[in-house]
Number of protein chains: 2
Amino acid sequence: MSLRHALLGLLADTPQNGYDLTKRFERTLSGHAWSAGHSQIYPELKRMLGDGLIEVVDEGSRGSKVYGVTDPGRTELRRWMFSPLGDTPPRNEFVLRLFLISSLDLPDVRTLVDQMAAESDKEVTQIDGAIKEMDDAGLRRGYARFAAEFGRRYFALQRDWSRWVLEELEKDD
Amino acid sequence: MSLRHALLGLLADTPQNGYDLTKRFERTLSGHAWSAGHSQIYPELKRMLGDGLIEVVDEGSRGSKVYGVTDPGRTELRRWMFSPLGDTPPRNEFVLRLFLISSLDLPDVRTLVDQMAAESDKEVTQIDGAIKEMDDAGLRRGYARFAAEFGRRYFALQRDWSRWVLEELEKDD
DNA sequence: GAATGCATGTAAAGAGTTACATGATTAA
DNA sequence: TTAATCATGTAACTCTTTACATGCATTC
C-alpha cells in the first residue's frame with residue numbers, strides 16, 4: 001500500500017486537501033517515484049480517515065477538507081519507512097527491457113542502447129540545471145537536494161552503462 | 001501491459017510451457033525487473049494465444065502446451081522495446097521513500113540511510129560474486145553479463161549516494 | 001456571462017495478489 | 001506407496017486507470 005504512505009508522507013510535511021495533494025503528487029512524485037490520480041486519492045483519504053491515520057484539521061471556504069496526520073498515522077509512516085524493501089514486488093520497465101534485450105537482433109540492440117544513452121544524457125542535463133538552481137538558492141543540504149542528487153546519479157548510470165554496452169558490442173567485430 | 005511483453009520476451013528466447021515460464025519469471029525477472037505468479041501467467045497466455053501473438057508449437061507428455069512466439073508476436077515485442085519509457089507510470093518504492101524522508105527526525109534519517117548503505121553494499125557483494133562466475137565461465141559479453149553489470153552499478157550507486165548523504169548531514173553539526 | 005481553476009466524487013474496466021483446487025508423473 | 005514435482009486452472013479481492021459527472025468561486 002504505497003499510495004497510503006505517499007499520502008501520509010505528503011501530509012506529514014504540510015496539511016492540505018485532496019486537490020492540493022493531487023497536484024503535489026503530480027509535481028513531485030509522478031516523475032520517478034509513484035503516480036496516482038485524484039480518483040484514487042479521494043477514496044483512499046476516506047479510508048485513511050476511517051482507519052484513524054489522518055484527521056480533518058481545517059475546512060476551506062467551499063467545504064474543502066484539510067487533512068493532517070494523527071499520531072497513529074505518524075507511527076505507521078515511520079514503521080513503513082523502516083520496513084524491508086524486498087517485500088514489495090518490482091515494477092521496473094527499464095530493467096525488464098534490459099533482461100529481454102536478447103530478443104532483438106544486433107543492429108536493433110545497438111540502436112536501442114544508443115537511444116537509451118541519449119535519453120539518459122538529456123535527463124542528466126535537465127537535473128543538473130535544477131541542481132544548479134538549488135545550490136544558487138543556498139539549498140545545499142536540503143532533502144530535495146538529496147533526491148535530485150540521486151536522480152542525477154541514476155541517469156548518469158544509465159547513460160554510462162549504455163555506452164559501456166556499446167563498447168563491449170564493438171569488441172565482437 | 002508489461003506482463004504480456006515479458007512473456008513474449010521469454011518465449012522469444014525459448015519456447016516453453018506455462019509452468020516453466022512461471023519458474024523462469026521467478027528466477028530471472030522477479031529480483032529487480034518484474035514479478036508475476038502462475039495465476040496471472042496462465043490466463044494471459046490464453047489471451048495472447050487468442051490475439052495471435054503466440055502459438056502452440058508442441059505438446060508435452062501429459063498434455064502441457066509449449067508456446068512459441070508468432071511473427072506478429074515478434075513484431076509487437078520489437079515495437080514495445082522501442083516505445084518511449086516515459087509512457088508508463090513509475091512504481092519505485094525506494095525512490096518514494098527518498099522523497100518522503102523529510103518526515104523523519106534527524107536521528108531516524110541517519111539510521112535509515114545507514115541501513116540503506118549496508119543493504120546496498122550486500123547486494124553489490126552478491127552480484128560481484130555472480131559476475132566473477134560469469135567471467136570465469138567465459139561469458140564476458142553475453143546479455144546476462146550486461147544485466148548483471150547494470151545491477152552492480154545500480155546498487156553501488158545506492159550505497160555511494162547513501163554514504164554521501166550521511167557525510168552531508170555530518171556537516172550540519 | 002463565460003471561461004478558468006478549485007474541489008470532490010462515482011463507475012467500469014484492467015492489472016495484480018492471495019487463496020483455493022485438482023490431477024498426473026516421477027523418484028525414493 | 002507416499003512425497004515431491006509437474007502442470008493447470010478459478011475465485012475473490014485489492015490496486016490502478018480512464019471516463020463520466022457535478023458545483024462553487026474567481027477573473028476577464
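Below, chain A is the first sequence line, B the second, and so on; all start at residue 1. Computation of the quantities below employed the complete heavy-atom set of this structure, encompassing side-chain atoms and omitting hydrogens, waters and symmetry-equivalent molecules.
- Contacts of A:R91 classified as salt bridge (charged side-chain N to carboxylate O under 4.0 Å, His left out), with partners at least two apart in sequence or in another chain: none.
- Qualifying salt bridge (charged side-chain N to carboxylate O under 4.0 Å, His left out) partners for B:D135, counting only residues two or more places apart in sequence or in other chains: B:R145.
- Partners of A:D51 by salt bridge (charged side-chain N to carboxylate O under 4.0 Å, His left out), not counting sequence neighbours, listed by chain and number: A:R4.
- For A:R47, the salt bridge (charged side-chain N to carboxylate O under 4.0 Å, His left out) partners two or more places apart in sequence, or in a different chain, are A:E44.
- The residue among A:G60 and A:P43 whose nearest nucleotide of DNA chain C lies closer to the 5′ end is A:G60.
- Across the protein-nucleic acid pair, A:D58 atom CG and C:dA7 atom C1' stand 15 Å apart, rounded to whole Å.
- Listed for the B:S162 side chain is no donor-acceptor partner under 3.5 Å among the backbone atoms of B:M116.
- Chaining together hydrophobic side chains whose heavy atoms lie under 4.5 Å apart places A:Y19 alongside A:Y42.
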N/O-N/O pairs, protein side and nucleotides 12-16 of chain D side, under 3.5 Å:
from	atom 1	to	atom 2	distance (Å)
D:dT16	OP2	A:Q40	NE2	2.7
D:dT16	O5'	A:Q40	NE2	3.3
D:dT16	O3'	B:R91	NH2	2.9

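- Contact check, A:Y19 against C:dC6: a side-chain N or O comes under 4.0 Å of OP1 or OP2.
- For A:T88, the side chain to side chain contact (heavy atoms under 4.5 Å, CB included) partners are B:E93, not counting sequence neighbours.
- Contacts of residues 8-18 of chain A with DNA chain C (heavy atom under 4.0 Å): A:N17, A:G18.
- In terms of phosphate contacts, A:Y42 brings a side-chain nitrogen or oxygen within less than 4.0 Å of OP1 or OP2 of C:dT8.
- Residues B:T22 and A:S39 each lie close to DNA chain D; by heavy-atom proximity, the contact nearer the 5' end of the strand is made by B:T22.
- Side-chain N/O atoms of A:K65 include none lying less than 4.0 angstrom from OP1 or OP2 on C:dA7.
- Using a distance-only test at 3.5 Å, with no hydrogens or angles considered, a donor-acceptor pair links the side chain of A:Q16 to the main chain of A:T14.
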For nucleotides 20-24 of chain C, tabulate all protein N/O to nucleotide N/O atom pairs closer than 3.5 Å, reporting atom names and distance.
none

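- A cation-pi arrangement is present between B:R153 and A:W164 under the rule of less than 6.0 angstrom and at most 45 degrees off the ring axis.
- Taking the side chain to side chain contact (heavy atoms under 4.5 Å, CB included) definition, one finds that B:S30 meets it with B:E26, B:S35, sequence neighbours left out.
- The other residues sharing a hydrophobic cluster with B:V66 are B:V57, where clustering joins ILVMFWY side chains under 4.5 Å apart.
- Cation-pi geometry between B:R97 and A:W80 is satisfied (NZ or CZ under 6.0 Å from the ring centre, within 45° of the ring normal).
- In the helix from C:dG1-D:dC28 to C:dA28-D:dT1, the rotation axis of the first five pairs and that of the last five pairs differ in direction by 10°, rounded to 10 degrees.
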